[in-house]
Amino acid sequence: PVSSTHSLVGATVGSIAAVRGFACVKLAQFGTIAISWLVSPLLSGLLTVLLYIICRRYVLQHPIPEQAGLRFLPGFCVFTAFILSFFILYKGIPSLPTANMPFWVVLLICIGIALLA
């Protein structure tokens, strides 16, 4: 599959380079985007491995996995609610009033949302 982000950035860089020349491409911004393409899969892979190890150790290898799964489910829901609300509030929607809030305020709001979940 082709990522729409890869396609859009590639098309934009290619268009700018074709029309104005490669010197007009902001390499620092492009580099930041390219680094995020490399770092994001690595971090998500590490997080996935960590969550799998926790799940395998405390749920799948438990004598009664169904009971252990039900005990860990609320924690996984809280974690998911925190991550989703953090990305939505901190970077996701510029029109939200949280767009200009300090990091620690957004963090406290996300902790509150996660605990309410």
Side-chain angles (χ1 to χ4, degrees):
V2 176
S3 166
S4 58
T5 305
H6 292 92
S7 300
L8 290 170
V9 171
T12 302
V13 169
S15 298
I16 291 170
V19 174
R20 301 266 180 158
F22 195 72
C24 291
V25 175
K26 295 182 179 180
L27 292 179
Q29 283 183 327
F30 178 72
T32 302
I33 294 169
I35 288 172
S36 74
W37 289 341
L38 297 173
V39 171
S40 293
L42 292 175
L43 288 178
S44 62
L46 287 173
L47 182 61
T48 301
V49 167
L50 178 66
L51 288 173
Y52 177 74
I53 289 171
I54 292 170
C55 191
R56 184 183 64 189
R57 168 73 175 93
Y58 294 106
V59 177
L60 298 175
Q61 293 178 347
H62 191 273
I64 307 170
E66 295 85 4
Q67 182 183 16
L70 290 173
R71 189 178 29 176
F72 273 84
L73 185 60
F76 288 135
C77 289
V78 166
F79 178 73
T80 302
F82 173 80
I83 294 293
L84 290 175
S85 62
F86 178 77
F87 284 113
I88 290 170
L89 294 177
Y90 191 64
K91 289 286 186 181
I93 305 173
S95 60
L96 284 178
T98 58
N100 297 321
M101 282 187 188
F103 175 79
W104 66 271
V105 173
V106 174
L107 195 63
L108 288 176
I109 291 171
C110 294
I111 289 171
I113 290 170
L115 292 176
L116 288 173

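For this chain, numbers begin at 1 and follow the sequence in order.
- The minimum heavy-atom distance between P41 and S44, with the atom names listed, is O-OG, 3.1 Å.
- No single ILVMFWY cluster, assembled from side-chain heavy atoms under 4.5 Å apart, contains both V19 and F30.
- Residues L107 and Y90 fall within the same hydrophobic cluster, defined by Ile, Leu, Val, Met, Phe, Trp and Tyr side chains chained together at heavy-atom separations under 4.5 Å.
- The CZ atom of R71 lies 9.5 Å from the CD1 atom of I64; values are rounded to the nearest 0.5 Å.
- Tested against I109, the residues I111, V106, I113 include a single side chain to side chain contact (heavy atoms under 4.5 Å, CB included) partner, I113.
- Atom CD1 of I53 sits about 11.0 Å away from atom OG1 of T48, to the nearest 0.5 Å.
- Within 6.0 Å of atom CZ in F76, more than 12 heavy atoms from other residues, nucleotides or ligands are found, so the atom counts as buried in its surroundings.
- Between the CD atom in Q29 and the OG1 atom in T32 there is a gap of 7.5 Å [rounded to 0.5 Å].
- Scanning all heavy atoms of the two residues, the minimum distance from L38 to L42 falls at O-CG, 3.3 Å.
- A68 and Y58 make their closest contact through CB-O, 3.4 Å (heavy atoms, listed as atom of the first residue, atom of the second, distance).
- Between L47 and F79 there is a side-chain heavy-atom pair separated by less than 4.5 Å.
- Cluster membership check: L84 does not share its hydrophobic cluster with L108, using side-chain heavy-atom separations under 4.5 Å among Ile, Leu, Val, Met, Phe, Trp and Tyr.
- By the rule that hydrophobic residues join a cluster once side-chain heavy atoms approach within less than 4.5 Å of another member, L115 and F87 end up as members of one cluster.
- Under the 4.5 Å side-chain heavy-atom criterion for Ile, Leu, Val, Met, Phe, Trp and Tyr, L51 and L46 are members of distinct hydrophobic clusters.
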